[in-house]
Amino acid sequence: MRKLKIGIIGCGAISPMHAVPVGLYKNAELAAVCDIKKDRADRAAARYGARAYGDYIEMLEKERPDAVHVCLPHYLHTVVSKDALLRGVNVLCEKPMSIALKDAEANVKLAEEKKLLYGIIFQCRYNTASQFVKRNLDNGRLGKVISARSVLTWNKPDSYYAASDWKGTWEKEGGGVIIDQAIHSIDLVNWFIGDEPVSIAANLSNRNHPKAEVEDTGEGLIKYKNGAVYGFYAMNTYGCDEPIEIRLYCEKGKAVLSYEAAQITFNDGKTESVVQDMSDAADYGAGAKDYWGFQHIKQIHNFYDCLLNGKRPDIDGEEALKVQRIAEGIYGGAAGPIRRR
Ligand SMILES: NC(=O)c1ccc[n+]([C@@H]2O[C@H](COP(=O)([O-])OP(=O)(O)OC[C@H]3O[C@@H](n4cnc5c(N)ncnc54)[C@H](O)[C@@H]3O)[C@@H](O)[C@H]2O)c1
């Protein structure tokens, strides 16, 4: 089988979670990496045995890769993905898909027209706990979700925003705790419920980050066509990163997901549980993400399998639009002291 030629655009914090899985896929090679901060591209190129670029258009045109991974600040996601799609290159982009729904929708259409794959990273769907709960919903053992809730209390101190030239701004991050951190848990619950949202009421505020423009606290309620209701709460001004907790109250039982574990209690009192085998995490090197959600490798390899076999990836543009529409609903209609500019 031929080897896929891969490029990575953006060599910042998340890039090892993309670069290492390329090397661990038999039929792929990391040909090129790009960062506008050329020293970062040079370092990544030396580490992974790739060619370094400072300009992604030059990289796309000289290398003509089969696919690029977009690991950039949020405001560049749809711009750079579009530039790649227009040049016939398949795209796997980090979350969030976009900071504006219309740009995300336009890219989905473009990818369809060009017959290219457009995938968006939501790696937490591959956690053992998430897969276990989803399986028990799909096979009917839990019945339909009646109510759901998610709670995220993480720690993003002032230094986190001070260290970044894009986080904390409406223009470049496109939001705060909701679009950056809680998007994973909102995506998971929406995927579990598997129905169409009909109303979103939300409240956003910035309570403890005077140097950031965006919200550090968000809560709301999403109602679904089938009657399910989902309440979420997220804040990133807690003292540490506590495990995200998701609870589902279903027709035939309850599910609780927390960090690497999930437990289901069926209505007859029987319980079943799973715990993630953390030893299946690849070695991503110092400073790489080791907290909730290290399953990039599974999603990346699914994307490559689909590229080689002419299939649609698990989380393609259409699938990712579902949570993107929710994000738009939250930011577009939120009450509270803070508004998207
Ligand atoms: N899936 C997850 O769990 C997860 C975790 C962390 C970050 N992320 C996402 O990954 C993306 C990147 O986040 P990060 O933490 O790595 O950010 P970062 O700031 O550490 O890295 C971004 C990199 O992009 C480079 N860049 C900016 N403009 C560029 C351009 N025009 N051309 C080439 N390079 C350019 C910057 O120089 C920087 O090195 C974001 O979308 C973020 O939300 C996802």
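Both counts, for ligands and for their atoms, begin at 1 and track the order of listing. Values reported hereafter were calculated over all heavy atoms of this structure, with side chains retained and with hydrogens, waters and symmetry mates removed.
For Tyr56, no nitrogen or oxygen atom sits less than 3.5 Å from a nitrogen or oxygen atom of ligand 1, counting backbone and side chain alike. Where the criterion is an N or O separation shorter than 3.5 Å, residue side chain and backbone included, Ile14 meets it with respect to ligand 1.
Of the candidates Trp166, Tyr75, Tyr53, Trp166 brings a heavy atom nearest to atom 17 (O) of ligand 1. Nearest to atom 11 (C) of ligand 1 by heavy-atom distance, out of Ile36, Leu72, Ile57, Val80, is Leu72. Selection from Pro73, Ala44, Ser15 by nearest heavy atom to atom 27 (C) of ligand 1 gives Pro73. Closest heavy-atom approach to atom 37 (O) of ligand 1 among the candidates Asp35, Ile9, Ile121: Asp35. Of the candidates Pro16, Cys11, Cys71, Gly10, it is Cys71 that places a heavy atom closest to atom 22 (C) of ligand 1.
Gln263 and Ser273 share no donor-acceptor pair across their side chains, judged by distance under 3.5 Å alone. Side-chain contact annotation: Tyr230 with Ser150, donor-acceptor N/O pair under 3.5 Å present.
For the atom pair NZ (Lys26) and OH (Tyr304), the distance works out to 15.5 Å, reported to the nearest 0.5 Å.
Both the backbone and the side chain of Lys95 come within 4.0 Å of ligand 1, judged by heavy-atom distances. Both the backbone and the side chain of Ala13 come within 4.0 Å of ligand 1, judged by heavy-atom distances. Contacts with ligand 1 closer than 4.0 Å are made by no heavy atom of Phe122, backbone or side chain. Residue Asp55 does not touch ligand 1, judged by heavy-atom distances below 4.0 Å. Of all the heavy atoms of Asp165, none lies under 4.0 Å from any atom of ligand 1, so neither backbone nor side chain is involved.
Tyr53 is not listed as a side-chain neighbour of Ile36, based on a closest heavy-atom distance of 4.5 Å or more. When side chains are defined from C-beta on, Thr217 does not count as touching Asn206, because their heavy atoms never get closer than 4.5 Å. Considering only heavy atoms from C-beta on, Leu24 comes within 4.5 Å of Ile297 through its side chain.
For the ligand labelled ligand 1, residue His296 lies inside the 4.0 Å heavy-atom shell.
Geometrically, Lys322 does not engage Trp191 in a cation-pi contact defined by less than 6.0 Å to the ring centre and at most 45° from the axis. Annotation: cation-pi geometry not satisfied between Lys270 and Phe266 (NZ/CZ under 6.0 angstrom from ring centroid, within 45° of ring axis).
Close approach to Arg40 involves these atoms of ligand 1, each under 4.0 Å from a residue heavy atom: 38 (C), 39 (O). Using a 4.0 Å cut-off to heavy atoms of Asp180, the atoms of ligand 1 that qualify are 43 (O). Shown in contact with Gln123 at under 4.0 Å from a heavy atom are these atoms of ligand 1, numbered in order with element: 1 (N), 2 (C), 3 (O). The ligand atoms of ligand 1 that sit less than 4.0 angstrom from a heavy atom of Leu76 are 28 (N), 29 (C), 31 (N). Listed by number with element, the atoms of ligand 1 under 4.0 angstrom from any heavy atom of His74 are 40 (C), 41 (O), 42 (C), 43 (O).
With Arg141 as the fixed residue, the side-chain contact (heavy atoms from CB on, under 4.5 Å) test singles out one of Glu272, Lys252, Arg135: Glu272.
Applying the ring-ring contact (aromatic ring centres under 6.0 Å, His included) rule to His301 yields the partners Tyr25; only residues at least two apart in sequence or on another chain are considered. Shown here are the salt bridge (Lys or Arg N to Asp or Glu O under 4.0 Å) partners of Glu251, two or more places apart in sequence or in another chain: there are none.
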